[in-house]
Number of protein chains: 2
Amino acid sequence: MTVNAVADAADQRREEMLLAAAQLITERGFSDTRIADVAGRVGASPALVIYYFGTKDRLLTEALRYSEKSFYAAADEMLERTPSARDRLETLVRMTCVPHGDADLPAAWGLWFELWATAFRVEEIGRDRIELDQRWRDVIARVVRDGQAAGELGKVDAEDFAVTFSALLDGLSIQVALRDPVVDPDRAFAIAMRFAATSLGTDWRPRRRPVSVIARQRLAGSR
Amino acid sequence: MTVNAVADAADQRREEMLLAAAQLITERGFSDTRIADVAGRVGASPALVIYYFGTKDRLLTEALRYSEKSFYAAADEMLERTPSARDRLETLVRMTCVPHGDADLPAAWGLWFELWATAFRVEEIGRDRIELDQRWRDVIARVVRDGQAAGELGKVDAEDFAVTFSALLDGLSIQVALRDPVVDPDRAFAIAMRFAATSLGTDWRPRRRPVSVIARQRLAGSR
DNA sequence: CGCCTTTGACTGACTGTTCAGTCTAAGGAG
DNA sequence: CTCCTTAGACTGAACAGTCAGTCAAAGGCG
């Protein structure tokens, strides 16, 4: 047990570092993130970070993978708690298109850009992204199929819908992340839901929901 | 005249550097692009690059702007040569979703990722991107309105369509750029066109067109 | 003691930027 | 036409700062 206690402490340290690295990647970009920054944020020496990860590159790529996986894990978990297909769709859209103040949810906005840019150039990250994106489409497709089985959604090819819908969500999230005044979070949300409703043969009308306070703050905080 | 000749030569030099910088940004990423690389590619000394742009940052941001504008200029020009609304839509989709071998067309794939990542963190680039993206949506909206005026397209809000369609195109182009096996260029093209046709009340059936040889090479050349 | 964790000090490589000065060509004066 | 001046383009060498990674030693826990 004591051995495990030590190991657990070390694991926790590692995870702290990964989280800090992910945050820093979001803030400063992948290759402008310094080991010293990560070390400073977790209150350790740069040498210790190297001790744990061996090299800067491994730290950063692991950090990217870590937050990617956390995002999809969070998605899975949220969906399990949500019964109706329509609410599930809303959850998915909100996860991608609406700013969430949860700072520790690693899917913070800028990270996707860094992930794409890195995936484009680093084979290993690229493979990972393809795999996880497939998982994301599977999640969408499963929501659709479940909804169809429950008679809630009309008849469409779930796979096809997932491909198109995930692309649309990506595109909308770009605009939202880059604070495009024409595509604010509310509008992105409405566009995504309208598309889903039309494609899936259900109805969805925008109910004027106030954006959460946190989301407002996040948006106002743009310099 | 001789004075202008010199000035033109200098302008050309500048443009060479911008082009080289844009290519390097695509290959290595924004902040992994070295002045020495740019200098080497145009056969000059690093000092000369500084001589022209004053600072590395100015060089890189100008390079981003330069290729962004070139892309939209190319779009405008291509559309002017295309009469029918349907062909125009195809052109737009092909420009964003289908790999083009034109190496000097600066909208090479990876550049968008760098642009987004930089726009997310650098105020100045962010403003620029918002403005140019609006112009892009305007281009789409105009195509739609022209097509409606010609009776070719059904009645929809052109602005709304432009927002949704441009987001979809962005999302699809991400998958294509990252070589997702599920969303190859042909499928992305088909998805985009099907969406456009459905939304705009026209018909479009995928005709099995072979991808150009250049596009094939480009794709096969992925390491 | 023995093992794992942690650190401060250090270094070697890299790189943006400066600077002093060279080379070329243009322009004007005689 | 020839000589001289001037300006702009251009460079090599040097500088200064940054930063990933090394290492020997210390700390602490069992």
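In the text below, chain A, chain B and the rest are named by the order of the sequence lines, each starting its count at 1.
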K.L.:
Could you state the atom-to-atom distance from CZ of B/F53 to C1' of C/dT17 in whole Å?
P.N.:
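My rounded result for the distance is 16 Å.
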K.L.:
Starting at atom CZ of A/R14, determine the distance to atom C1' of C/dT5, rounded to an integer number of angstrom.
P.N.:
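Going from A/R14 (CZ) to C/dT5 (C1'), I get 15 Å.
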K.L.:
Report yes or no: do A/D133 and B/Q175 form a side-chain donor-acceptor pair below 3.5 Å?
P.N.:
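Per modelled atom types, A/D133 and B/Q175 side chains form a pair under 3.5 Å.
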K.L.:
My understanding is that only one of A/L172, A/L168, A/L169, A/I191 makes a side chain to side chain contact (heavy atoms under 4.5 Å, CB included) with B/L168; could you say which?
P.N.:
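Only one option passes, and that is A/L168.
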K.L.:
Is the closest basic N to carboxylate O distance between A/R145 and A/D138 below 4.0 Å?
P.N.:
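No, no charged N to carboxylate O under 4.0 Å.
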K.L.:
I'd like to know if A/R65 pairs up with A/E124 as an ion pair, taking the criterion as any Lys NZ or Arg NE/NH1/NH2 lying under 4.0 Å from an Asp or Glu carboxylate oxygen.
P.N.:
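Looking at A/E124 together with A/R65, the answer is yes, because their closest N to O distance falls below 4.0 Å.
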K.L.:
Flag the pair B/F120 / A/W112 as yes when their ring centroid distance falls below 6.0 Å, and as no otherwise.
P.N.:
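No - the distance between ring centres of B/F120 and A/W112 does not fall below the 6.0 Å cut-off.
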K.L.:
Restricting to salt bridge (Lys or Arg N to Asp or Glu O under 4.0 Å), what partner residues turn up for B/D37, sequence neighbours left out?
P.N.:
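Checked B/D37 against salt bridge (Lys or Arg N to Asp or Glu O under 4.0 Å); matches are B/R28.
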K.L.:
Among pairs that include at least one residue of residues 158-176 of chain A, which meet salt bridge (Lys or Arg N to Asp or Glu O under 4.0 Å), considering only residues two or more places apart or in two chains?
P.N.:
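Output for this query lists A/E159-B/R187, A/D160-B/R187, A/D160-B/R194.
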K.L.:
Hey, what are the protein-to-nucleotides 20-23 of chain C N/O distances that come in under 3.5 Å?
P.N.:
none

K.L.:
Please tell me which of the listed nucleotides, D/dC10, D/dA9, C/dT6, lies nearest to the side chain of A/R13?
P.N.:
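From the listed options, C/dT6 comes nearest.
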K.L.:
Is there any protein nitrogen or oxygen under 3.5 Å from a nitrogen or oxygen in nucleotides 14-16 of chain D, and what are the pairs?
P.N.:
none

K.L.:
I need the CG-C1' distance between A/D32 and C/dT15, as an integer number of Å.
P.N.:
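Those two atoms, CG and C1', are 14 Å apart.
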K.L.:
Aromatic rings B/W116 and A/F113: how do their planes relate, parallel, tilted or perpendicular, breaks at 30° and 60°?
P.N.:
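Tilted: the ring planes of B/W116 and A/F113 meet at 30° to 60°.
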K.L.:
Does A/Y52 reach a base, just sugar-phosphate, or nothing at all? Heavy atoms under 4.0 Å.
P.N.:
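Sugar-phosphate contact only - A/Y52 comes under 4.0 Å of backbone atoms but never of a base.
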K.L.:
Do any pairs count as a salt bridge (Lys or Arg N to Asp or Glu O under 4.0 Å) and have a residue in residues 53-64 of chain A, sequence neighbours left out, and if so which ones?
P.N.:
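Pairs touching residues 53-64 of chain A that pass the test: A/R14-A/E62.
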K.L.:
Assign a letter to each nucleotide of nucleotides 19-28 of chain D from its 5' end: B, base within under 4.0 Å of a protein heavy atom; S, sugar-phosphate only; -, no contact.
P.N.:
SSSB------
K.L.:
Looking at B/R41 and B/E27, is there a salt bridge between them, counting it only when a charged N and a carboxylate O are closer than 4.0 Å?
P.N.:
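A salt bridge links B/E27 with B/R41.
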K.L.:
If the threshold is 4.0 Å, N to carboxylate O, is there a salt bridge linking A/D32 and B/R121?
P.N.:
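Salt bridge: no.
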K.L.:
Using a cut-off of strictly less than 4.0 Å, decide whether A/Y51 has a side-chain nitrogen or oxygen near OP1 or OP2 of C/dT5.
P.N.:
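Checking C/dT5 against A/Y51, a side-chain N or O does come within under 4.0 Å of OP1 or OP2.
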